[in-house]
Undergrad: 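I have a structure I would like to understand better, so I am pasting it below and will then ask my questions one at a time.
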Amino acid sequence: MKNLYLIGGTMGAGKTTVCRILKQRSDRCVFLDGDWCWDMQPFQVTPETRKMVMENIIFLLNNFLRCPAYENILFCWVMHEQKIIDDILAGLDTSGCRVRSISLVLSEKALRERLQRDVAAGIRTGDIISRSLERLPMYDRLDTEKIDVSDLSPEQTAERIMKYGQNGGIGQEKEQKI
């Protein structure tokens, strides 16, 4: 049985880092970051680019789901609205697949600290802080598993996801590796 992990969270929550750790700690795993599906210059959010990115994500995830080489498929993206998650899932053939939809949530203080470090390091621009903080409360309304990462390192977050998955998927593989 395949396992599809949809890992959402506001910018700075640690989605990409956690998925990279999970990919390294599991066998037969592939990782897609939604941001890769519309990495453009200049970055434009229009009805046309929104449609394109959703089509790109669904196409790639379906290919990963069909490919026998992969047992675990990791996908991360901001996914701050239930409609985004529902639209992605509606476009996927998840027959014979366990789906886990997870939101990484954190306190405003922890988010602000993480993003300020990224801005100081030149990884992000200063406007990310207000944009990310605006999305933060939206995750409370989603039909997802919530993991509060305020006081967790990316490694601890990955361990928590693996531990919750002990009935199959990444958690099961990890248990077999120990």
Side-chain angles (χ1 to χ4, degrees), residues 1-23 26 28-106 111 114-115 118 123-125 127-147 149 154 157-158 161 164-165 169-170:
M1 169 144 327
K2 289 189 180 256
N3 302 286
L4 172 62
Y5 294 81
L6 303 179
I7 300 179
T10 194
M11 298 84 77
K15 303 173 299 294
T16 301
T17 304
V18 166
C19 283
R20 286 183 179 143
I21 293 166
L22 289 169
K23 182 182 76 172
S26 55
R28 301 181 61 207
C29 186
V30 63
F31 166 45
L32 174 66
D33 188 319
D35 289 346
W36 301 338
C37 295
W38 66 349
D39 186 357
M40 63 182 111
Q41 182 61 34
F43 183 73
Q44 302 175 58
V45 179
T46 67
E48 295 81 15
T49 60
R50 285 179 193 259
K51 180 178 185 287
M52 177 205 62
V53 74
M54 291 297 285
E55 290 172 353
N56 289 345
I57 289 166
I58 290 167
F59 176 82
L60 288 169
L61 290 177
N62 270 322
N63 278 344
F64 295 150
L65 288 166
R66 281 191 295 268
C67 183
Y70 306 118
E71 184 175 313
N72 295 296
I73 298 101
L74 302 169
F75 172 68
C76 75
W77 203 26
V78 172
M79 294 186 286
H80 59 293
E81 298 172 348
Q82 188 64 45
K83 181 171 177 18
I84 295 168
I85 298 166
D86 294 344
D87 287 351
I88 291 170
L89 288 172
L92 299 178
D93 179 3
T94 58
S95 56
C97 179
R98 279 183 284 250
V99 177
R100 287 192 56 206
S101 188
I102 299 166
S103 293
L104 305 183
V105 297
L106 65 169
L111 179 60
R114 289 179 186 201
L115 292 172
D118 287 354
I123 298 169
R124 300 179 192 257
T125 59
D127 66 321
I128 192 71
I129 296 171
S130 62
R131 290 187 300 116
S132 189
L133 286 170
E134 286 172 12
R135 286 186 173 91
L136 195 56
M138 301 172 91
Y139 291 92
D140 293 335
R141 297 187 290 269
L142 301 180
D143 182 21
T144 60
E145 299 173 50
K146 311 295 189 293
I147 299 176
V149 298
T157 303
I161 291 169
Y164 290 151
I170 289 173

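Starting from 1, each residue takes its place in the sequence as its number.
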Undergrad: Is there a side-chain hydrogen bond (donor to acceptor under 3.5 Å, both in side chains) between Asp35 and Trp77 once you walk through the steps?
TA: CA-CA 7 Å; Asp35 289 346; Trp77 203 26; 3.3 Å; yes

Undergrad: If you measure from SG on Cys67 to CG on Asn62, what distance do you get to the nearest 0.5 Å?
TA: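 CG of Asn62 is found 12.5 Å from SG of Cys67.
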
Undergrad: Would you say Leu6 and Ile85 make side-chain contact, with heavy atoms under 4.5 Å?
TA: yes

Undergrad: In the structure I gave you, are the side-chain heavy atoms of Arg131 and Ile128 within less than 4.5 Å of one another anywhere?
TA: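 Yes, side chains in contact.
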
Undergrad: Provide the closest heavy-atom pair for Ile21 versus Ala158 in the form atom of the first, atom of the second, distance.
TA: CG2-CB, 3.6 Å

Undergrad: When you compare the side chain of Arg28 with that of Asn72, does any pair of heavy atoms fall below 4.5 Å?
TA: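 They are not in side-chain contact.
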
Undergrad: Would you check if Val45 and Trp38 make a side-chain contact, meaning some heavy-atom pair closer than 4.5 Å?
TA: yes

Undergrad: Tell me, do Met79 and Leu142 make a side-chain contact under 4.5 Å, heavy atoms counted?
TA: no

Undergrad: Taking Thr17 for the side chain and Gly14 for the main chain, is one N or O donor matched with an acceptor at less than 3.5 Å?
TA: no

Undergrad: Can you tell me how far the SG atom of Cys76 sits from the CD1 atom of Ile7, to the nearest 0.5 Å?
TA: 7.0 Å

Undergrad: Do Arg124 and Leu115 come within less than 4.5 Å of each other through their side chains, counting heavy atoms only?
TA: yes

Undergrad: Would you say that Phe75 contacts Ile88 through its side chain, given a criterion of any heavy-atom pair below 4.5 Å between the two side chains?
TA: yes

Undergrad: Please tabulate, one pair per line, all N/O donor-acceptor pairs under 3.5 Å involving side-chain atoms of residues 133-141, not counting sequence neighbours.
TA:
{"residue": "Tyr139", "atom": "OH", "partner": "Gly9", "partner atom": "O", "Å": "3.1"}
{"residue": "Tyr139", "atom": "OH", "partner": "Thr10", "partner atom": "N", "Å": "3.2"}
{"residue": "Tyr139", "atom": "OH", "partner": "Val78", "partner atom": "O", "Å": "2.4"}

Undergrad: To the nearest 0.5 Å, tell me how far Asp33 CG sits from Lys15 NZ.
TA: 7.5 Å

Undergrad: Quick check: does any side chain N or O of Ser26 sit under 3.5 Å from a backbone N or O of Leu22, one acting as donor and the other as acceptor?
TA: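 Yes, Ser26 side chain to Leu22 backbone: donor-acceptor pair under 3.5 Å.
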
Undergrad: Would you say CG of Asp143 has more than 12 non-hydrogen atoms from neighbouring residues, nucleotides or ligands within 6.0 angstrom?
TA: no

Undergrad: Drop me the distance from Met1's CE to Arg98's CZ, to the nearest 0.5 angstrom.
TA: 5.5 Å

Undergrad: Check whether any side-chain heavy atom of Leu65 lies under 4.5 Å from a side-chain heavy atom of Asp93, and answer yes or no.
TA: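 No, their side chains stay 4.5 Å or more apart.
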
Undergrad: So which atom in Ser103 and which in Thr144 form the shortest heavy-atom distance, rounded to 0.1 Å?
TA: OG-OG1, 2.7 Å

Undergrad: Show the nearest heavy-atom pair for residues Ile57 and Cys37, with the distance to one decimal.
TA: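 Distance-wise, the nearest heavy atoms are CG1-SG, 3.7 Å.
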
Undergrad: Would you give the length of the straight line joining atom CG of Leu111 to atom CG of Leu104, rounded to the nearest 0.5 angstrom?
TA: 11.5 Å

Undergrad: Only one of Leu92, Asn3, Leu4 passes side-chain contact (heavy atoms from CB on, under 4.5 Å) with Cys97; say which it is.
TA: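 Going through the options one by one, the only one that passes is Leu4.
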
Undergrad: How far does CD1 of Ile58 sit from CG of Leu89, to the nearest 0.5 angstrom?
TA: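 Those atoms lie 9.0 Å apart.
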
Undergrad: I need the single residue from Tyr70, Trp36, Tyr5 that forms a ring pair (Phe, Tyr, Trp, His ring centres under 6.0 Å) with Phe31. Which is it?
TA: Trp36

Undergrad: Between Lys23 (side chain only) and Cys29 (backbone N and O only), is there a donor and an acceptor less than 3.5 Å apart?
TA: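 Pair absent, no side-chain N/O of Lys23 close to backbone of Cys29.
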
Undergrad: Has the side chain of Lys2 got a donor or acceptor atom that lies under 3.5 Å from a matching backbone atom of Arg66?
TA: no

Undergrad: With side chain to side chain contact (heavy atoms under 4.5 Å, CB included) as the test, would you mind laying out the steps for Met11 and Asp118 before giving the verdict?
TA: CA-CA 11 Å; Met11 298 84 77; Asp118 287 354; over 6 Å; no

